[in-house]
Asks: 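Attaching a single structure in structure tokens format; questions to follow.
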Protein chains: 2
Amino acid sequence: MVANSRFAVAVHTAATLAYRQARGAGYVSSEQLSASVRTNPVVVRRIIRALARAGVVATKEGKGGGARLARSPRRIPLLEIYRAVEDDGSVLAYNPNPPNRSCPVSCGIKGALAPVFGAVDDAVTHTLGKATLADVLDRI
Amino acid sequence: MVANSRFAVAVHTAATLAYRQARGAGYVSSEQLSASVRTNPVVVRRIIRALARAGVVATKEGKGGGARLARSPRRIPLLEIYRAVEDDGSVLAYNPNPPNRSCPVSCGIKGALAPVFGAVDDAVTHTLGKATLADVLDRI
DNA sequence: TGTGACCGTAACGGATACAGTTACAAACAC
DNA sequence: GTGTTTGTAACTGTATCCGTTACGGTCACA
């Protein structure tokens, strides 16, 4: 359903940071991270940027720079990573076409769907709010 | 998050069928449905086909043909519509790139994410399983 | 038995979104 | 200064959707 794998890449990236930092690493470069994620360093930097804006990671430019977790994995809910990389957190999409004014169903469908879409979003939010990066790390 | 609006269009279509049938209509043509959804009749037929395969609607070809609900709206959970139109019911996507064999995180991330992705899917399934087409109709 | 109203489905094109890539300026350590 | 690294813009290839056209097949009805 999701058109992208940004959440998976973001969690992978954060997990790699946690894994390396637990073994004494400082800042980890996008080059190193991209080797684990198997993509281009710029793709990792785009994810890192989103995570940095959300306050999940801290970055440092220049030699010896890179990214590191801003907090302990136990204090990073996956929901925070999800929101950082998914601009539109809504899981379901409405029909973009304007309603047909002469049809009551067409006029009312968006409002009638809203509680359902909201409930789905809430369910996802609740689920991702309970799990943390540490939970993921425990399984690796 | 969703790349398409098929679920919204499908529920709209089904709601229109229910609305018209409650007022005595028989089979409703894709032409009529497309006027409510504000799209092309072929787009509606594609949705109808998916709903028909799932047993949610019945169709009839030829003159006077079209679609009608196969059951009472009260007996049509939205989950059934969702599954009918979303081939890949998974809400979140994995990183498609193959793991880096020399990185434990890369090798283990998919398995570590699986319970989370599964929990999200379950949450969505549970939410859409509780609501029915009749619930949507009641709000129109 | 013909005619017109429909569906079913294939095929194509435009729009959009992602991931990947290149390129380069700026920041920083040494 | 030199080399490493981030930050970011720009471009490309690819996939997916949605809309559209086209046309064969089905059916009701005169």
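Quick note: numbers below take in every heavy atom, side chains included, and nothing from hydrogens, waters or symmetry partners. Residue numbers begin at 1 in each chain, while the letters A, B, ... track the order of the sequences.
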Asks: Going by number, which of residues 40-49 of chain A have a non-hydrogen atom under 4.0 Å from DNA chain D?
Replies: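 Listed by number, they are V42(A), R45(A), R46(A), R49(A).
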
Asks: Which nucleotide in the set dG20(C), dG19(D), dC7(C) lies at the smallest distance from any side-chain heavy atom of T39(A)?
Replies: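 Out of dG20(C), dG19(D), dC7(C), the nucleotide with an atom closest to T39(A)'s side chain is dG20(C).
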
Asks: Between T132(B) and R74(B), does any side-chain donor sit less than 3.5 Å from a side-chain acceptor?
Replies: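 No donor-acceptor contact under 3.5 Å links the two side chains.
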
Asks: Kindly write out the residues that satisfy side-chain hydrogen bond (donor to acceptor under 3.5 Å, both in side chains) with N100(B), not counting sequence neighbours, or none if the list is empty.
Replies: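 Counting only residues at least two positions away or on another chain, N100(B) forms a side-chain hydrogen bond (donor to acceptor under 3.5 Å, both in side chains) with S102(B).
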
Asks: So if I define the base as every atom that isn't primed, P, OP1 or OP2, how would nucleotides 24-30 of chain D read as a B/S/- string at a heavy-atom cutoff under 4.0 Å?
Replies: --BBB--

Asks: Look at S5(A) and dC18(C) and indicate whether a side-chain polar atom (N or O) is within less than 4.0 Å of OP1 or OP2.
Replies: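 For dC18(C), neither OP1 nor OP2 has a side-chain N or O of S5(A) closer than 4.0 Å.
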
Asks: Would you say the side-chain atoms of S29(B) pair up with the backbone N or O of Q32(B), donor to acceptor, closer than 3.5 Å?
Replies: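 Yes, the answer is positive, given that a donor and an acceptor are paired below the 3.5 Å cut-off.
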
Asks: Nearest whole angstrom, please: distance from the P of dC18(C) to the CD of E86(A).
Replies: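 Distance check: E86(A) CD to dC18(C) P gives 8 Å.
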
Asks: What are the two closest non-hydrogen atoms of P99(A) and C107(A), and how far apart are they?
Replies: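 Looks like CB-CA, 4.1 Å.
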
Asks: Can you tell me how far OG of S36(A) sits from CD of E31(A), rounded to the nearest 0.5 angstrom?
Replies: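 Going from the CD atom of E31(A) to the OG atom of S36(A) covers 13.0 Å.
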
Asks: What is the distance, to the nearest angstrom, from the CG atom on N4(B) to the C1' atom on dA17(C)?
Replies: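 One finds 13 Å between C1' of dA17(C) and CG of N4(B), rounded.
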
Asks: In whole angstroms, how far is the P atom of dG8(C) from the CG atom of L51(B)?
Replies: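 That distance rounds to 12 Å.
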
Asks: T39(A) and side chain to side chain contact (heavy atoms under 4.5 Å, CB included): which single residue from L33(A), I47(A), V44(A) fits?
Replies: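 Of the listed options, the one satisfying the test is V44(A).
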
Asks: Please classify the nucleic acid contact of N97(B) as base, sugar-phosphate, or nothing, using heavy-atom distances under 4.0 Å.
Replies: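 Answer is sugar-phosphate: N97(B) comes under 4.0 Å of backbone atoms only.
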
Asks: Write out all pairs satisfying ring pair (Phe, Tyr, Trp, His ring centres under 6.0 Å) with one or both partners inside residues 95-121 of chain B, taking only residues at least two apart or from two chains.
Replies: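 The answer is Y94(B)-F117(B).
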
Asks: Hey, is the main chain of V85(A) close enough, under 3.5 Å, to the side chain of R6(A) for a donor-acceptor pair?
Replies: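 Judged by distance alone, yes, a pair lies under 3.5 Å.
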
Asks: Can you name the salt bridge (charged side-chain N to carboxylate O under 4.0 Å, His left out) partners of R71(B), sequence neighbours left out?
Replies: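 If we apply the salt bridge (charged side-chain N to carboxylate O under 4.0 Å, His left out) test to R71(B), skipping adjacent residues, the hits are E80(B).
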
Asks: At a heavy-atom distance below 4.0 Å, what parts of residues 14-36 of chain A sit against DNA chain C?
Replies: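 Correct list: empty, so none.
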
Asks: When rounded to the nearest 0.5 angstrom, what distance separates OG1 in T59(B) from CZ in R53(B)?
Replies: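 One finds 11.0 Å between OG1 of T59(B) and CZ of R53(B).
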
Asks: Please figure out whether R53(B) or P96(B) has its closest DNA chain C nucleotide nearer the 5' end.
Replies: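 This one resolves to R53(B).
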
Asks: Looking at R38(B) and S34(B), would you say the former's side chain and the latter's main chain have a donor-acceptor pair under 3.5 Å?
Replies: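 A pair under 3.5 Å: no.
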
